[in-house]
Structures are given as structure tokens and as C-alpha cells.
Asker: 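Below is one structure. I have some questions about it.
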Amino acid sequence: MSDATQDGPMLAADGRPLKRSLARALRAQKLRALMLIAPLLIFILVTFIAPIVDMLFRSVENQIVSETLPRTVVALDEWDPSDVPEDDVYAALALDFYAATERREHTRLGSRLNYETTGMSSLFRKTGRGVDDIGEIYTDQFVDLNERWEDPLFWLPLVSDSGWLSSRPAEGEDRPLSLFRIDAEFEASFPRAAEAYETFARTIQQTDGDDPAEEEPWHLVYAALYHDLMAIHESGAGAEGLGRFDGPVFVEALEAVPGFETQSYRAAFEDIDEDWLDLEVWGTIEAFSDPFTAGYFLSSVDLQLTPQGIEAQPEDQRLYLLLFWRTLFMSGVITISCILLGYPIAYLLSNLPTRTSNLLLILVLLPFWTSLLVRTSAWKVLLQQQGVINDILVWIGLVADDSRLALINNQTGTIIAMTHILLPFMILPMFSVMKTIPPSYVRAAKSLGATNWTAFWRVYFPQSIPGIGAGCILVFILAIGYYITPELVGGRTGTFISNRIAFHISSSLNWGLAAALGSILLAVVLVLYWLYDRIVGIDNVKLG
Amino acid sequence: MDTKLPPYATFGQRVWFYGFRVLCGLIFFFLIAPIIIIIPLSFNAEDFFTFTPGMLALDPEAYSLHHYQDFFGEDGYPWLGLLIGIVVGAVLTVILKLVKGSLNLFPILIGAIFGLVIGKLTGLEGEEWMTPLRNSLMIAPVATILSVGFGTLAAIGLSQTHVPFKGAIMAILISPMIVPLIISAAGMYFFYSRIGLQGTYWGVVLAHAALGIPFVIITVTATLVGFDRSLTRAAANLGANPVTTFFRIQMPLILPGVISGGLFAFITSFDEVVVVIFVGSAGQQTLPWQMFTGLREQISPVILAAATILVAISIILLATVEMLRRRSERLRGIAPH
């Protein structure tokens, strides 16, 4: 041991400063504790926290529009929402739609947008069937001009990058074809046709594994080529500007295009469905073209994102605020009935001799340990119109046989069954608080002249409030997230927000909305959890 | 409140005293009756969900076991299993007798029960109730082992004197108990689909293990609260290394907490419906799932037989946990209260 009177810091036995040695020991201890906790923490983070975070992300994620219609979204940037878009937006839409139809993604996008504006799903499906006719008029005229336009092998050397062309596997060689690359020179001369051909070649390669050398290009490629040639023609550059494409076939086409019969992209879409001239359709696509959206959260509180901004849902589609309110209200009713039923029991248990109270406690713990499904099925059986409770009521004569009470598939059923299921969660925290209240206080109050009621209300009850608080928050937290019991005994009027979330996950497949509803519910629960931690402390949770 | 009514009590006090007891009796009745009442109903000979006149008259004809026969099905070889179980149990008993010198018939009984269950569950195909039971018995124990293994280690870590971010870590570890099951289920469904675990056995096991962990943490930390640190110091002083100290000193003392935590985790997984419906696929259909489907679609009286069996299981588990809790309190020198 170092001498306390010497100068400088106090030293440990090995000569190091004591402070540093202690800090080192402490650090080692901390590290050991963390090493023991780490495996579980990682496990929970991966299996539980990551899914929750994923759900939060999904509630705002909206990449489907910008992924399925990338060019349209860009073209719409300059759109004036008071008028039908320009023809180049329709051209972009045609190409996007063509590719999406080939990849069979247009119906998915249609159902996604249908959550926001009804009718989108059928519009997208109809357009998917009609879109491959757009541009056919140009194909026919090019082919009439020269049959070589029909030949995939005529196109390939013209438009392909020479490196890609030479890397093609030879006949009989078993090697996958690499992804198509467009020729830079072709792209410079014919930008629209290059984009259309590249989209065509890559899409057929990626979706069906087809070779562009064997497939006739889409009609859209011809339409794009027509527009490119017209642009060259109008600029007056003539055939000299075509670079290496000044062969006879191109020159012939360049001279013929002014006489072509034409059809605008907008007219083509109008032919398929007049809704494509509807500003609301375009407004919806525009409004949801961001990769992130608040749309799901707005839907969760009965609002909607329209081209004009945030608006309330139509009266007949408002549902979620009512459901949230019902969930909170019914959880409140259940919590209050649990207090009313639980308080006397906790009071009785904490004032009986230990042996008796331990015996009676088993009556509380048995329901606590019994499967939720067992208890729910018991109530389902008991509360039926032909069930035991109605039978007894009829037998006593309280209820006529032909007017049996409807106790199930409504709010009454949910409240009765859930009060029974959650009652132990109220009794146990109350009991553990009441056990610690010394009986001498009440006796003192009585000896000072208080009546039984005053002694209870002024002395005992205030001391039992922490138990009520703990039980209340616990029961309320558990109640607002309940799914199974409301689903089985709640019918139409007794269901909670959880049931709607489940419906959106498994039946309507509107996962974004399910995630948004879940996030709101989660936020409420986390606030209550935080309160519980502040009031009771999570370290003090007791089980039986 | 006094436990006995004093002889000088007034009429009002008497009314209050008995009235309060009657009230509590009614609430206890409300708690217990729904669970008890399905037991006789499950022996109903008819397909009704109420007491038939014959049952009320205690007519033996009105009672039958046929819902239980439907539950257990016809396949499986329980008698062979029972025989093998008894033989294995007997061999174990003999070995125990040779090793410890005391004769204990317990292993024979346990062996017989296990043999019966395993004999029943092997060699059956697509039975309506037995296949879900087998799935439950394949999922719950593995999930329990995972929860108990990770949970016990972490609880020991958390009970050290200096743990940084203890509050935050505890909040995260307890959260699976607090977050509504439908939210956990939704999140796991989305996330496990992304990583290819959705619809697999291991997806369900991992999900259930996560749900069981809070219970293990709570029960094990509770037994560690009264743990006397000088015991480990004494062991270290006598030359034991940390591993020996853990297994010889700490483990026996916290074992009751570990076992009851494990039982909680087991029952959590065994009773769980919401997560398994979303994370699992038809191949992982568990007993509660089958009950849920049955209750939602065509409610059949076999559900009552299944429920009765589950009640029996919960009574056994409750008794075990209570026994362990008292034993733990005795071991740690806390007087039962």
C-alpha cells in the first residue's frame, strides 16, 4: 500500500496510480458484463428490432412508381397540373408501360395506385392489354418502304456496341449472353430510337432470356425512329449528318417520313382508355412519384393525398379514426372493469393470512397460465345464443326463450372475454403493492376516530394507487394490441385496429397501409411503455 | 380488513364483512368458472356446446370420450411407445440406483409419459389435431432452449454492478413482451420474407425465441436480486476459476429461476398464435393455430377436448413454477410471504 503522505497521486501495490488501476478494473468489469449481454442483444436486434424497423420503413416507402415508370416520372417534372401532359410525357409512358407489361409489373403498380384513386387498377390492366398496338402504324409504313426493317439481324449490327457484338457467344457455344449495350454513334444520331431499342433489348433479355437477334423490335422503336428522322429532316441537316448510317435504307426512309401517316402518343392512349386524358389519373401518378410518401400515414387517419394537396377521405371511406377511437375506448372500458373486479381481490389477498392467500392466488394464476385460445374458446362456447349463460338466464326466467341475449360477435363479447383474460395482469401488480402497505396505518386512523370508510379512502387507498397505476398501464398496453380475442368474439362491431392490420397483411395485401397503422399503434404503445418505466420501472415487472 | 369478524361487530359490519366475501367469491367464480366449465362440456356425447338434459341428470349415456378419440386420431403407436418408454425409464432407474444408491421410480413414470407421446406422434400422417400438436412440440422446446441460453447469460451480465446503458438494454430486451403481437407479427412477416425465413421452421423458432426472452430475463434477474456476491468471492478465494464458480455456486442457486423462465418461454411459444400464423406456413401449423382456425370457421366440440388437455398442461406447469419459486426463496433464505 502506498504512503498517503507522499507527494503525487496515490499508488496501487504495483506502482501504478490507484485511480487508473481502479478505472481499468471497472472497465474490465463493464466489458465482461457487455460480453455476456452481447449475444442476446444481437439476437434480439436481428430477430425482433430489425423487423420492427423494416415495418417503419415500409410505411413510408413508395419506390414502386419511380421504379416501374422511371421515364414518365422524370418527364412529369415539368408538367403543369392544370392541363393534360405534353406528348413527350405520353411517349415516356408508352415506353415505360411497354417494358412494365413485358415484365408483368403493371398490374402490381395498378393495384398500388388503386389504394389512392379507385379505378387505377382496371385502367392499368386495360392499358397493359392495349399498349403493344401503340406505334404499329409506323412499323407497317417502314416495312412497306423496305422489308429489311422487319429483320432483327438488320437492326442488330446497326444499333449494337461493337464490343458487345463481338462478345456474343458463337453458334452452339453454351455461354450466357451479356446484357445489351447500345452503339454510341447510333445514340448520338437517333437518341429516341436508341433509348427505345435499348429498353426493348434489355427487357426481353432480362424477363424471358430472349436474344435481340431473334426478336422483331417493338413498334415503339419504329415510332421513335420516325420521330428522330423527322427531327433530322426538319433541321435540314440531310443525309450527310447521319454519319455511318447514310446507307440507302436510311436515306430512303429519311426522304419518305414527311409523307408518313402519323398518330400522336396521346391519341394512342386515348384510344385505349379515355381516362388517360383525366387530370386525376396524372395527378395521382405525380403525387406518388416520390420514393417516399406520407400517403399511407394519411390514409391511416382518414386523409388522402390528392393532386390538390391533403384532403379528407370521402365520408363513406372514413374508417380508421373510428377504429382507433374504438380501440382506445374499449381498452379503457376493459381497464376500468379490470380495476373494479381486481381491486377487491387484491385487497382480500393482501389482507388474508399467507397460507390462505397463497391458496387463493392459485385461482388467479391458473387463468394466467391457461392458454389464451382456451379462454377465448370457453367464452365463445359460454356466450353463444344456445350457450350455457343464455340457457341459465332462460331457465331462471330472466330472459324469454325467443329473445336470448346477443352476447357474442359484438362489443359486449369482446369486453367480457378480454376483461377475464387481462384480469390477472391487474390483480398481480396491485397485490404486490398492497402486500407492502402496513396495516398499522389503518388501525391508527381508526383509533383516531376515523370511520371504516374514511380510514380506507384517506389512508389505505392513496397508498394502493401505485399498484392501480401499474396494473392499469399494463392492462391498457396489452388490450390495445389484442388481436385473437376480438377476431374470434368481436364480430363486426367489436374488432380492434389490430384486426384491420391483419386484414391488410393477409387479405387486401396493402402492406404499406398495414405498416403505417402498425407504426401509429406502436407509437402509442411505446409512449405507454415509457410511462410504465417511469412509474413502475421495467426491472420491477413480476410474473406470479 | 380483519380476517375474523369480532364478536362485538354491529349488524352493518356483519353485512359488509359477508357481503365483501360474497363479492370476492363471485369474482373468483368469474375467473375460474369459464375454464372449469369446458371440462365437463368436452365429455358431451352430443355435438352441442351446452349441457344436455341427460348430462344434467348425470346419465352416463350422455357422457362420452368420442371428442377425445377425434382429437387423438387413430394413427400412431402409443402402446409400443409406452412399452419402450417404460423400459428406458426402468433402465435409467437402475442406473440411478447404482450411482446414487437411492431407489426412485420417477424416471419410469416420466419415461412412460414421453414414450406415450413420442409413440403417438411418430407414424402419423396429416391428422387434423395430432400433426399440429407434433409441430407445437417441435417448435416450443427449441425456441425455449434458445431463449433460456441467451437469456440466462444476459441476465447474469445485467446483474453485474457496473453495466453501461443498463436502462436502454433492459428496455430493448423486454420490448418483445410489450410490443403488440400483431405488430411483431407484421414486422417479422415483412422482414423474414425479405431474408427468406418466412414460412420456414427456423423462422418460427427464432420468432418464438425472441418472444420468450423477456420472461427468462425477468425471472432470472429476479432470482439474482438476492444473490449473495460473497459466495462467488469465497469460491474464487478457495481457488475456483470463474467457470467452476458459475457451475458449482451460481448455477444451482439461480436454477429455479432459469427453469421457471424456461417454462414461461415454453408456454409463450406453445400458446402463441398471431406470430406463427404470419411467419409460419401450413407445414408449421401449431395446436393453437389449429384451434384458432377451428374457432373461426366451423367450431367443433373437439376444440373443447383440446382445450381441456391444454388446461391440464397449464395446471402441471403452474404447479411446477410455484414449487420452484418456493424452493428458490428457501434456498436464498427469503422467508415465504
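Just so it is clear: chains get the letters A, B, ... in the order the sequence lines come, proteins before strands, and each one is counted from 1.
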Asker: Start with the C-alpha gap between A/Ile427 and B/Leu31, add the side-chain angles, then the distance that decides, and say whether side-chain contact (heavy atoms from CB on, under 4.5 Å) holds.
Answerer: CA-CA 11 Å; A/Ile427 295 177; B/Leu31 271 171; 4.1 Å; yes
Asker: For B/Leu304, is it the side chain, the backbone, both or neither that has a heavy atom under 4.5 Å from a heavy atom of chain A?
Answerer: side chain
Asker: Is there a ring pair (Phe, Tyr, Trp, His ring centres under 6.0 Å) between B/Phe30 and A/Trp379? Walk through the geometry before answering.
Answerer: CA-CA 11 Å; B/Phe30 171 73; A/Trp379 282 112; 5.8 Å; yes
Asker: Relative to chain A, which segment of B/Phe278 carries a heavy atom at a distance below 4.5 Å: side chain, backbone, both, or neither?
Answerer: side chain
Asker: Got B/Ile156 and A/Leu36 here, is their nearest side-chain heavy-atom distance under 4.5 Å?
Answerer: yes
Asker: Do the rings of B/Phe292 and A/Tyr483 sit parallel, tilted or perpendicular, given the 30° and 60° boundaries?
Answerer: tilted
Asker: Who among A/Val525, A/Leu488, A/Ile52 has the most heavy-atom pairs with chain B under 4.5 Å?
Answerer: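 Winner by heavy-atom pair count: A/Leu488.
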Asker: Is it the side chain or the backbone of B/Ile303 that comes within 4.5 Å of chain A heavy atoms, both, or neither?
Answerer: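 The side chain, not the backbone.
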Asker: Do you know which two heavy atoms are closest between A/Lys30 and B/Pro164, and how far apart they sit?
Answerer: CG-CD, 3.8 Å
Asker: Contact part of B/Ile267 toward chain A, heavy-atom cut-off under 4.5 Å: side chain, backbone, both or neither?
Answerer: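 Contact with chain A: side chain only.
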Asker: With respect to chain A, which residue among B/Leu310, B/Leu206, B/Leu295 yields the maximal number of heavy-atom pairs within a distance under 4.5 Å?
Answerer: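 Ranked by heavy-atom pairs under 4.5 Å with chain A, first place is B/Leu295.
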Asker: Considering all heavy atoms of both residues, which atom of B/Ser175 and which atom of A/Ile49 are nearest to each other, and what is their separation?
Answerer: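 Heavy atoms only, the tightest pair is OG-CD1, 4.1 Å.
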Asker: Relative to each other, are the rings of B/Phe20 and A/Tyr347 parallel, tilted or perpendicular (30° and 60° limits)?
Answerer: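 Judged by the thresholds at 30° and 60°, the geometry between B/Phe20 and A/Tyr347 is perpendicular.
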Asker: Please report the shortest heavy-atom distance between B/Ile35 and A/Pro367, naming the atom on each side.
Answerer: CD1-CA, 3.6 Å
Asker: Below 4.5 Å, heavy atoms only, C-beta onward: do B/Ile315 and A/Thr370 meet side chain to side chain?
Answerer: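 Not in contact.
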Asker: Is B/Phe190 close to chain A through its backbone or its side chain, or both, or neither, when contacts mean heavy atoms under 4.5 Å?
Answerer: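 For B/Phe190, backbone and side chain are both near chain A.
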Asker: So B/Asp271 and A/Leu372, do their side chains get closer than 4.5 Å, heavy atoms only?
Answerer: no
Asker: Considering only heavy atoms and a distance below 4.5 Å, find which of B/Val179, B/Ile38, B/Leu146, B/Val163 pairs most often with chain A.
Answerer: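 Of B/Val179, B/Ile38, B/Leu146, B/Val163, B/Val179 has the most heavy-atom pairs under 4.5 Å with chain A.
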Asker: Of the backbone (N, CA, C, O) and the side chain (C-beta and beyond), which part of B/Ala209 lies under 4.5 Å from a heavy atom of chain A, both, or neither?
Answerer: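 Contact with chain A involves both backbone and side-chain atoms of B/Ala209.
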Asker: Where is the tightest heavy-atom contact between B/Pro176 and A/Phe48, given as atom of each residue plus distance?
Answerer: CA-CZ, 3.5 Å
Asker: Can you say whether B/Leu41 sits under 4.5 Å from chain A via the side chain, the backbone, both, or neither, judging by heavy atoms?
Answerer: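 When you check distances to chain A, only side chain atoms of B/Leu41 fall under 4.5 Å.
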Asker: So, the side chain of B/Tyr189 versus the backbone of A/Ser506: is there a donor-acceptor pair under 3.5 Å, distance only?
Answerer: no
Asker: Minimum heavy-atom separation for A/Thr47 to B/Tyr192, with atom names?
Answerer: O-OH, 3.0 Å
Asker: At a heavy-atom distance under 4.5 Å, which candidate from A/Arg355, A/Arg375, A/Glu487 has the highest pair count against chain B?
Answerer: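 It is A/Glu487.
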Asker: Select one option (side chain, backbone, both, neither) describing which atoms of B/Ile213 are under 4.5 Å from chain A's heavy atoms.
Answerer: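 Only the side chain of B/Ile213 comes within 4.5 Å of chain A.
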Asker: Can you tell which part of B/Leu197 gets under 4.5 Å to a heavy atom of chain A, answering side chain, backbone, both or neither?
Answerer: neither
Asker: Which heavy atom in A/Ile44 sits nearest to a heavy atom in B/Ala210, and how many Å separate them?
Answerer: CD1-O, 4.1 Å
Asker: Look at the aromatic rings of B/Phe264 and A/Phe368 and report parallel, tilted or perpendicular, splitting at 30° and 60°.
Answerer: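 Correct class here is perpendicular.
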Asker: Checking B/Ile37 against chain A: side chain, backbone, both or neither under 4.5 Å from a heavy atom?
Answerer: side chain
Asker: Measure distances from B/Gln13 to the heavy atoms of chain A and classify the residue's part below 4.5 Å as side chain, backbone, both or neither.
Answerer: side chain
Asker: Which value, rounded to the nearest 0.5 Å, describes the distance between B/Arg194 atom CZ and A/Arg58 atom CZ?
Answerer: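 B/Arg194 atom CZ to A/Arg58 atom CZ measures 4.5 Å (nearest 0.5 Å).
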